[in-house]
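Handing you this structure, nothing more for now.
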Amino acid sequence: MTQAEIKLCSLLLQEHFGEIVDKIGTHLIRTGGQPLRVIVHDTGTSLDQVKKALCVLIQHNLVTYQIHKRGIVEYEAHCSRILRILRYPRYIYTAKTLYSDTGELIVEELLLNGKMTMSAVVKKVADRLTETMEDGKTMDYSEVSSTFGRLADTHFVQRCPFVPDPTDSADAQPPPPAPTLSINEKDMYLVPKLNLIGKGKRRRSSDDDAAGEPKPKRPKQTAESKEPIPDDGIYWQANLDRFHQHFRDQSIVSAVANRMDQTSSEIVRTMLRMSEITTSSCAPFTQPLSSNEIFRSLPVGYNISKQVLDQYLTLLADDPLEFVGKSGDSGGGMYVINLHKALASLAMATLESIVQERFGSRCARIFRLVLRKKHLEQKQVEDFAMIPAKEAKDMLYKLLSENLISLQEIPKTPDHAPSRTFYLYTVNSLSAARMLLRRCYKSIANLIERRQFETKENKRLLEKSQRVEAILASMQATGAEEAQLQEIEEMITAPERQQLESLKRNVNKLDASEIQVDETIFVLESYAESTMKRA
Amino acid sequence: MASRGGGRGRGRGQLTFNMEAVGIGKGDALPPPTLKPSPLFPPLEFRPVPLPSGEEGEYVLALKQELRGAMRQLPYFIRPAAPKRDWRRLPRELKIRVRKLQKERTTILIPKRAPKTPAEKEETIQKLETLEKKEEEVTSEEDEEKEEEEEKEEDEEEEYDEEEHEEETDYIMSYFDNGEDFGGDSDDNMDEAIY
């Protein structure tokens with residue numbers, strides 16, 4: 001874990017879970033697996049707080065535990081999973097585009113709560129949807145359940161590992177200090193057969209049976225919630241890998257659309273859709289698909305003839321980008337999608353764009369040149385790039401100092417004499433990608449810090465505006481006159497209003513930048529992961 | 001050693017590699033030496049590209065800000081505990097007793113593996129000791145341990161202290177709030193505006 005990653009994780013935990021969870025989580029990331037006692041001792045927080053923090057972290061899948069010998073349980077934090085918190089809005093938005101509001105709310109509830117049972121999710125989502133609907137209409141549980149089922153079928157939500165049923169032999173031994181959870185591959189997406197009948201309820205203050213809502217104002221439990229939950233023990237979580245797969249597919253399809261035309265991108269999209277469930281997320285190639293299959297699975301609107309489809313596939317396979325490859329001739333031609341190559345091209349395109357935006361288009365030309373030609377001498381760079389020697393030198397050194405380009409020595413003689421050695425410029429893609437990834441983490445950490453600073457600076461003003469809004473709302477509810485409302489509004493003076501406006505603008509800009517940097521992180525991380533798995 | 005004459009003997013000024021190979025010709029002006037570390041905010045040569053705007057961008061932005069705010073309100077957000085007070089020096093009537101709501105607390109929708117420990121109490125030294133004692137006695141599963149402890153504590157200790165602190169209220173305070181001091185609490189719990 002690099003320093004930048006640790007800092008970013010700490011900021012994210014602090015923003016979303018509070019300082020205590022932040023302290024414990026950061027300590028675990030830094031030191032690796034630790035038992036409870038050691039955590040308490042090292043961080044200096046009380047036992048209760050540490051327990052609470054660990055519960056929260058485990059609930060959200062950020063920390064896992066393992067039993068070691070002598071019955072000690074060790075807790076380990078997962079830095080990469082904590083960094084996913086940045087991507088939550090993107091996941092929710094994707095669910096919205098695919099499964100509309102119901103899907104969006106289901107995924108949101110699962111992400112906010114870490115793990116939930118299906119019945120709990122359905123109830124909560126139905127309640128939330130009912131609130132937004134017009135008076136008199138309610139959301140049926142069955143609709144929400146069916147959307148949940150569809151999400152499970154397409155693997156967007158998955159079951160959490162559970163405690164296996166205790167066998168007879170286990171009774172003889174004392175139960176272990178922590179349960180060992182496991183899950184079967186085929187059980188992961190099985191939706192339990194629940195008979196959830198009911199409708200969503202509006203949350204009114206006089207409502208006594210706000211079922212499923214742990215409202216603090218209603219400590220009395222109604223008879224409804226005392227019933228045993230039928231799917232007790234079966235918890236669901238959002239399957240982030242599947243979402244990543246979806247993002248990857250989306251970027252490949254849009255890359256093909258940009259390079260060629262709409263039809264070819266549709267063909268590639270069909271191929272990817274067909275291999276969604278058959279190919280694991282880290283495979284370098286999809287399963288080979290025959291041209292006949294592709295023809296059958298094309299979306300209904302596209303009525304291109306088989307010949308045209310074959311021509312498109314040949315074009316795609318011959319393209320120098322090598323997204324699609326031909327792996328055989330049976331069934332009219334077997335085609336695969338080169339996932340690893342696609343990710344590599346996307347990552348390199350990102351690198352080139354970064355160089356272009358930071359150093360100018362001539363630097364970008366040199367960078368692209370060295371990337372394509374792999375190894376070049378100083379003289380060759382000047383010749384190929386058609387840039388005067390002095391400027392080319394300058395730019396090369398600038399790139400060298402930023403570690404985007406490196407020097408490779410090739411000795412002519414065994415004594416490595418410098419006057420008789422070739423010095424070649426080269427781009428080491430993986431290390432350049434990693435270096436930029438580290439920079440991205442640092443940028444997001446800076447953005448978050450700046451946003452917190454801005455909010456803190458104007459805290460007094462923000463509180464004042466909130467108070468005024470609250471007063472306004474309450475007065476409007478009780479039916480006050482226009483003049484009184486005007487008076488209250490004027491409590492915030494014009495320059496203060498301006499200040500608030502500019503604060504809002506800045507915070508929005510910082511937030512949008514975070515989202516943008518996260519997209520870059522996704523591309524670079526997928527490339528790094530794919531390369532590591534291949535090697 | 002004799003050959004290393006502090007850079008004054010023969011061969012002074014000779015570099016170990018051939019400069020021409022790297023591209024610095026003879027007589028070329030070298031770049032000026034750097035005398036201080038690079039500035040903290042180096043001047044930007046090229047302005048950054050504008051951020052993507054549009055429906056999708058704005059929706060995701062709004063989502064992000066909403067999520068941040070929502071997560072602060074969830075019970076998963078643990079606020080730091082209020083400071084301990086020495087009850088020997090203060091009148092007893094200032095101690096706030098909590099109503100007997102122990103049983104209900106644990107039956108909210110919690111996965112059994114992670115009891116949302118709503119039974120948060122202010123730690124006095126006594127409690128820590130009893131906790132540790134119980135921990136040593138009970139040798140069963142650690143998770144059950146936590147639940148057992150809480151249940152035991154709930155059974156044994158019916159009164160416990162809670163302190164209302166101006167700035168940082170324990171989340172437990174808002175949890176047990178049954179609406180009597182609704183107006184007052186809203187000021188306490190809102191640390192910052194959520195944008």
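As the structure is a prediction and not an experimental result, all values here were calculated from the model.
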Practice problem: Tell me, with the steps shown, if A:Asn113 and B:Tyr76 meet side chain to side chain contact (heavy atoms under 4.5 Å, CB included). | Solution: CA-CA 8 Å; A:Asn113 289 293; B:Tyr76 301 111; 3.3 Å; yes
Quiz item: Is chain B contacted by the side chain of A:Leu112, its backbone, both, or neither, given a heavy-atom distance below 4.5 Å?
Solution: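 Contact with chain B is through both the backbone and side chain of A:Leu112.
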Quiz item: Which bit of A:Lys379 is near chain B, if near means a heavy-atom gap under 4.5 Å: side chain, backbone, both or neither?
Solution: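 Looking at A:Lys379, nothing touches chain B.
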Exercise. Search all heavy atoms of A:Glu108 against all heavy atoms of B:Leu63 and return the closest pair with its distance.
Key: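 Minimum heavy-atom contact is OE1-CD2, 4.4 Å.
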Practice problem: Show your reasoning for whether side chain to side chain contact (heavy atoms under 4.5 Å, CB included) applies to B:Gln65 and A:Val507. | Solution: CA-CA 10 Å; B:Gln65 292 171 341; A:Val507 168; 4.1 Å; yes
Self-check item: Option among A:Ile515, A:Thr94, A:Asp511 that satisfies the side chain to side chain contact (heavy atoms under 4.5 Å, CB included) test with B:Val60
Solution: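 In the set A:Ile515, A:Thr94, A:Asp511, the residue that makes a side chain to side chain contact (heavy atoms under 4.5 Å, CB included) with B:Val60 is A:Ile515.
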Quiz item: What part of A:Phe359 gets closer than 4.5 Å to chain B, counting heavy atoms only: side chain, backbone, both or neither?
Solution: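 Contact with chain B: backbone only.
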Quiz item: Of all heavy-atom pairs between B:Leu61 and A:Ala512, which one has the smallest distance, and what is that distance?
Solution: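 Closest heavy-atom pair between B:Leu61 and A:Ala512: CD1-N, 3.6 Å.
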Practice problem: Return the option, out of A:His60, A:Arg358, A:Gln516, A:Glu357, with the maximum number of heavy-atom pairs under 4.5 Å with chain B. | Solution: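 Highest number of heavy-atom pairs under 4.5 Å: A:His60.
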Quiz item: Below 4.0 angstrom, N of the basic side chain to O of the carboxylate: do A:Glu514 and B:Lys64 qualify?
Solution: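 Salt bridge: yes.
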Practice problem: First locate atom OH of A:Tyr88, then atom CE of B:Met71, and finally report the distance between them rounded to the nearest 0.5 Å. | Solution: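 The OH atom of A:Tyr88 sits 6.0 Å away from the CE atom of B:Met71.
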Exercise. Please lay out, stage by stage, how B:Arg68 and A:Arg451 fare under the test side chain to side chain contact (heavy atoms under 4.5 Å, CB included).
Key: CA-CA 13 Å; B:Arg68 241 203 330 265; A:Arg451 180 169 36 83; 3.1 Å; yes
Quiz item: With a 4.5 angstrom heavy-atom cut-off, which part of B:Glu56 approaches chain A: side chain, backbone, both or neither?
Solution: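 Both backbone and side chain.
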Practice problem: Fit a plane to each ring of A:Tyr93 and B:Tyr59, take the angle between them on a 0 to 90° scale, and name the class: parallel (under 30°), tilted (30 to 60°) or perpendicular (over 60°). | Solution: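 Correct class here is tilted.
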Quiz item: Counting only heavy atoms not in A:Lys509, do more than 12 sit closer than 6.0 Å to its NZ atom?
Solution: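 Counting other residues, nucleotides and ligands, NZ of A:Lys509 stays at 12 neighbours or fewer.
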Exercise. Give, as side chain, backbone, both or neither, the part of A:Gln14 having an atom under 4.5 angstrom from any heavy atom of chain B.
Key: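 Answer is backbone: N, CA, C or O of A:Gln14 sit under 4.5 Å from chain B.
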Self-check item: Worked verdict on A:Ile92 versus B:Leu67 for side chain to side chain contact (heavy atoms under 4.5 Å, CB included)
Solution: CA-CA 10 Å; A:Ile92 301 176; B:Leu67 269 177; 3.8 Å; yes
Quiz item: What part of A:Glu15 is in contact with chain B, defined as an atom under 4.5 angstrom from a non-hydrogen atom: side chain, backbone, both or neither?
Solution: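 Its backbone and side chain both get close to chain B.
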Quiz item: Would the B:Phe77 and A:His16 ring centres measure less than 6.0 Å apart?
Solution: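 For B:Phe77 and A:His16, the ring centres are not under 6.0 Å apart.
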